[in-house]
Every structure is written in C-alpha cells, then in structure tokens.
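Every chain is numbered from 1, with letters handed out A, B, ... down the list of sequences. None of these values were measured; they are calculated from a predicted model.
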Protein chains: 2
Amino acid sequence: MEWGLVPAVGSAANPYSRESVVRYTQSTEWALDSLFFIAAHGDRQDFSVEEIAKAQQVSPSYLAKIFQQLTKAGILRSHRGAKGGYSLGRLPEQITLLDVATVCEGSIPLYDCNAPAKSCSLGAKCLILSTFREAERRMQETLNGVTLQDLVESMRRNMSQATWLGVEGAPAGRPAEASAPARKN
Amino acid sequence: MEWGLVPAVGSAANPYSRESVVRYTQSTEWALDSLFFIAAHGDRQDFSVEEIAKAQQVSPSYLAKIFQQLTKAGILRSHRGAKGGYSLGRLPEQITLLDVATVCEGSIPLYDCNAPAKSCSLGAKCLILSTFREAERRMQETLNGVTLQDLVESMRRNMSQATWLGVEGAPAGRPAEASAPARKN
DNA sequence: CTATTACGGATAATTGGTGTCCTGATTCTC
DNA sequence: GAGAATCAGGACACCAATTATCCGTAATAG
Ligand code: SF4
Ligand code: SF4
C-alpha cells in the first residue's frame, strides 16, 4: 500500500481536480444490492421492483431500467403479469460481481488512446496500453472471484442477528418467508 | 480471460447501456503521453505547453490546466517567463503511471455505497466493499509498477526507427536534440 | 522595457449518468 | 372475459462532471 506519493490534488477551490472519476456507477451498486437482497431470501421468487426499491430506498423507475438490463443479460429472470416479478436467472454461485458490473457499466475498456488522431505508431507495442490492460485484467479477475452465494454466506457468518435491508440474518436453512407465493408487503 | 459470460448489453438502441464508464479520462491520456514525450527527449528542459499540445494535436488551453495539476503534484516542474516551460519534476524512474493517474483522476474510490442512506448494517464486514477494494488495490499495484523510464526503454526497444509524436527512436545514449537550450519548433 | 510563458479564475459547451412518465404487453385472479 | 398487477421499453427532462476557451496577472530572459 501507500502509493500516495502524490499530494492528491483535491482542493475544493480548483474545479479541475476530480473527486472520483474512475468509479463504478450507482447503477452497479443498486444492482448488486438488489441481487444480494434476492439471493439472501433463499428460493423465494417473483420480487417486484417496487418491493426491492423500497427496501433500498431508491427510485423504482430507475431501478426498473437496471433490472431490464440484468434480465437481458440473463442474470435476472422476469415474470410478467399480476403476481409477477423478478427472480435470479441462474444459481447464486453462478453470478459473479464482474457479471453484474459488466452489465451495468458496459465492456469497460479502462483506458484507451486516440492513436489514430495522433502521430503515434506504437500501437500494440505501447507499454502504457498494455499496462492498463493488465490492470484491468487483474481488477476483473478479482471481481470474478466472488459470487452472490459468497455474499450470502459471508453475511450469514458475520451477522447472525442483525438485519440488512429487511433480511433477517436467517439460519442456513431457509429464510423467513418461505418458498412459494403469498407475498405481503 | 473470457469472463464474457454476460451478453454485453451494449445495443445502440438502448440509452441505458453504458459504453464505458469505469474508465480513465482523456486528461490522464494527455498527461501520460505528454510526460512520455518529455521523458523521451532525455534531459532537454523547458517544454512549452504549446509545443507539446501541437505534437499531440490536442487543445493547448486544456492541456495547460492538466500541466498545472501535475506541477502542483510535483510531477512536473514549471519555469515561468520567456524561454520558460515545463520539465519533469523528478527522475523518470520515479514517476509511475499510478502517480499520474492519481493526479488526473483523484483519489479513485472504485466503489462506494451509500450505506448511511440504507438500512444496511454490514459496514466494514461487507464482502462487496472488500472485494472492490481488493480489485482497486490490484489495479493500482499494476499501474504503480511501470515508470516513465520503463516507457522510454520499451519504446527504444520496440521501434528503433519509427517515430512517435515527433520523437525519433533514438539510440540508447541521448536523443536527437541534445541536452541544452536552443529549442526550435 | 518587451516579448514570452506559466498561473489561475470565470465561464461556456458537451457528454453521460440519473430519474420520470406514459403506452403497451403479458399474466394472474375472479 | 374483465380487471388488476407487473414487466418492457421509448421519449424526455435534469443534473453533474469533463472538456474547452478566454483573459488578466505574474514572472523571467534578453
Ligand atoms: S503512446 Fe501508447 S497511449 Fe499514447 S498514443 Fe501511442 S499507443 Fe496510444
Ligand atoms: S451490502 Fe455492502 S455495499 Fe450494499 S449497502 Fe451494505 S455495506 Fe454497502
């Protein structure tokens, strides 16, 4: 650690100092917390956007958009109509943080250069580009190593009683409201 | 490689698909190429913003702002007045890609949650947060492993004759325009 | 003194994430 | 079949941050 050799130019007086640019957006955060929420409820199904948005205290209309993206990507599975809603598109242990982040953020080229616009003939041999590509690779590798299942297990280990977004730190077996329908807000 | 389990939701029709959000800004690119440019010229000093902007075909006025930031961070050293300009603030082997990126992008918290606004009591125990923090750490570690000196050496190895931004692939010794003054555009 | 160059504030332009709304399609319940 | 619930998706407004420009000031070489 301690790469902080640089004085961290973040003085409020200067509009040219960025606060945090290389950064995952709110969308990813909402998506992850939502999926975590769903996964933490065991095999309950058909969560409405309304319910999940309320649990996180975020905008339902925007969260709906995110869910549509996740559905198209196969991470969520939608069920239209009355009593419909969203469920996980595959098993929690088959959904990694990188999967979710990729959907919300796009293909994530961490760094890219407008070489064509410049008189630069380095191209593929450029150490700048290859270094950033390697940095991106390691970052993705890390995110790819953690699944929704890991999140749930970690939560169960760390907080047997506390609550998270209305989810009781349920015993390993099955969460509060069991499998089937009969969802009451 | 091949984490691409996700269909990469990037259809142009959908405004909710981001193209590239987690991404270093143009500022970082300009900064790196500028510093590379300076370092590649050996111990020549006092490069004017005008000259470097012209070599990269970018806006001089904006590049000037970036240089000011780099100067405040100690990566560049400025010299006012006629025949003034910018030089490296320390040796090329003491300036890493992370140093530059940090100045241009800020402190870079890759991921953060509005926990206070939510009913989430995981806090420091959250596996989401710790995973992203680890991802960020590895990314920075990679960027911190490459210096301007590495860039120059890599370029010299890879392109003995080709040109980059007007810099001849000079022999190891000393670049085209030698040490001292007498800069003619 | 004069030309040159960096410094830094003010401000405009542009892009992209965020958020809302409305119409339509689907499916459950009665 | 009627009606309610819920997702799908397009259109659009909003806002924040990056990008870009301009101008007056300060410093320095000659
Ligand atoms: S030096 Fe590398 S990053 Fe810069 S323009 Fe050339 S290829 Fe792109
Ligand atoms: S689960 Fe983790 S990321 Fe989500 S609100 Fe709680 S602490 Fe933050």
Side-chain angles (χ1 to χ4, degrees), chain A residues 9-31 45-53 57-72 76-87 89 104-106 114 180-185, chain B residues 9-31 45-53 57-72 76-87 89 104-106 114 181-183 185:
Chain A
V9 186
S11 60
N14 194 335
Y16 293 93
S17 63
R18 324 233 178 2
E19 286 308 323
S20 52
V21 178
V22 183
R23 183 182 174 70
Y24 283 90
T25 60
Q26 213 177 48
S27 296
T28 299
E29 182 190 340
W30 292 10
Q45 297 208 327
D46 290 331
F47 295 78
S48 75
V49 170
E50 199 63 44
E51 176 187 9
I52 297 186
Q57 302 169 31
V58 300
S59 151
S61 40
Y62 191 49
L63 188 62
K65 298 297 186 187
I66 299 172
F67 276 26
Q68 286 174 26
Q69 293 294 110
L70 293 169
T71 302
K72 279 202 284 187
L76 282 179
R77 185 167 42 80
S78 71
H79 181 192
R80 279 193 180 184
K83 302 265 168 121
Y86 290 95
S87 314
C104 292
E105 306 290 343
N114 327 354
R183 169 174 81 262
K184 68 170 195 298
N185 51 337
Chain B
V9 186
S11 60
N14 194 334
Y16 292 94
S17 64
R18 321 229 180 9
E19 287 308 325
S20 52
V21 179
V22 183
R23 183 180 174 71
Y24 283 91
T25 61
Q26 215 178 47
S27 296
T28 300
E29 182 190 342
W30 292 11
Q45 296 208 327
D46 290 330
F47 295 78
S48 75
V49 171
E50 199 65 44
E51 175 187 11
I52 297 186
Q57 302 169 30
V58 299
S59 151
S61 40
Y62 190 51
L63 188 63
K65 296 299 185 183
I66 299 173
F67 276 26
Q68 285 174 26
Q69 292 294 112
L70 293 170
T71 302
K72 279 202 284 187
L76 281 178
R77 184 167 44 79
S78 71
H79 181 193
R80 280 193 181 184
K83 301 266 171 118
Y86 290 95
S87 314
C104 293
E105 308 289 342
N114 326 353
R183 168 176 80 261
N185 49 341

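- Residues passing the side chain to side chain contact (heavy atoms under 4.5 Å, CB included) test with A53(A), sequence neighbours excluded: V58(A), P60(A), L63(A).
- The minimum heavy-atom distance linking K83(A) with D46(A) is given by the pair O-OD2, 3.6 Å.
- Residue R23(B) contributes atom CZ, which lies 14 Å from atom C1' of dT19(D) at whole-angstrom precision.
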Dot-bracket summary - DNA chain D, pairs being Watson-Crick or G-U whose distances fall under 3.5 Å, with | when paired to another strand: ||||||||||||||||||||||||||||||
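- Among the protein residues, S61(A) comes within range of the nucleic acid bases, having at least one heavy atom under 4.0 Å from a base atom.
- Between T25(B) and dA17(D), a side-chain N or O to OP1/OP2 separation shorter than 4.0 Å is absent.
- Shown here for A31(B) and L70(B), the closest heavy-atom pair between the two residues is CB-CD1, 3.9 Å.
- With values rounded to the nearest 0.5 angstrom, F67(B) atom CZ is found 9.5 Å from F47(B) atom CZ.
- Between the CD atom of Q26(B) and the C1' atom of dA17(D) there is a distance of 14 Å, rounded to whole Å.
- Inter-residue side-chain proximity for C104(B) and W30(B) is flagged as unmet; no heavy-atom pair is nearer than 4.5 Å.
- Contact between the side-chain N/O atoms of S48(A) and the OP1/OP2 oxygens of dA5(D) is not found at any separation under 4.0 Å.
- With rounding to the nearest 0.5 angstrom, the CD atom of E29(B) is 13.5 Å from the OH atom of Y24(B).
- We find that CD of E50(B) is positioned 9 Å from P of dA6(C), with the value rounded to whole Å.
- Nucleotide dT19(D) holds its P atom 14 Å from the OH atom of Y24(B), rounded to whole Å.
- Atom CZ of R77(B) and atom C1' of dT5(C) are 15 Å apart (whole Å).
- With dT19(D), dT18(C), dA6(C) as the choices, the nucleotide that has an atom nearest any side-chain atom of Y62(B) turns out to be dT19(D).
- Between the side chains of Y86(B) and S48(B), no donor N or O sits under 3.5 Å from an acceptor N or O.
- The side chain of K65(A) has dT20(C) as its nearest neighbour among dT19(D), dT20(C), dT6(D).
- The interatomic distance linking L63(A) (CG) with dG9(D) (P) rounds to 16 Å, in whole Å.
- The nearest whole Å value for the distance from the CD atom in Q69(A) to the P atom in dG17(C) is 11 Å.
- Between S27(B) and dT19(D), a side-chain N or O to OP1/OP2 separation shorter than 4.0 Å is present.
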Just the table, please: protein N/O against nucleotides 27-30 of chain D N/O, every pair under 3.5 Å.
| from | atom 1 | to | atom 2 | distance (Å) |
| --- | --- | --- | --- | --- |
| dA27(D) | O4' | R80(B) | NH1 | 3.1 |
| dT28(D) | O2 | A82(B) | N | 3.1 |
| dA29(D) | O4' | A82(B) | O | 3.4 |

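- For V49(A), whose side chain is taken as the heavy atoms from C-beta onward, the closest listed nucleotide among dC7(D), dT19(D), dA8(D) is dC7(D).
- Listed by chain and number, the residues in a side-chain hydrogen bond (donor to acceptor under 3.5 Å, both in side chains) with S59(A) are S61(A) (sequence neighbours excluded).
- Heavy atoms of F67(B) sit nowhere under 4.0 angstrom from any nucleic acid atom.
- In this model, the phosphate group of dA6(C) is not approached by any side-chain N or O of T71(B) to a distance below 4.0 Å at OP1 or OP2.
- The separation between E51(A) atom CD and dA5(D) atom C1' is 14 Å, rounded to whole Å.
- Atoms CD1 and CD1, on I52(B) and I66(B) in that order, are 11.0 Å from each other to the nearest 0.5 Å.
- Under the side chain to side chain contact (heavy atoms under 4.5 Å, CB included) criterion, R77(A) pairs with Q45(A), S87(A), sequence neighbours left out.
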Between protein and nucleic acid, restricted to nucleotides 13-15 of chain C and to nitrogen or oxygen atoms under 3.5 Å apart, what atom pairs and distances do you find?
none

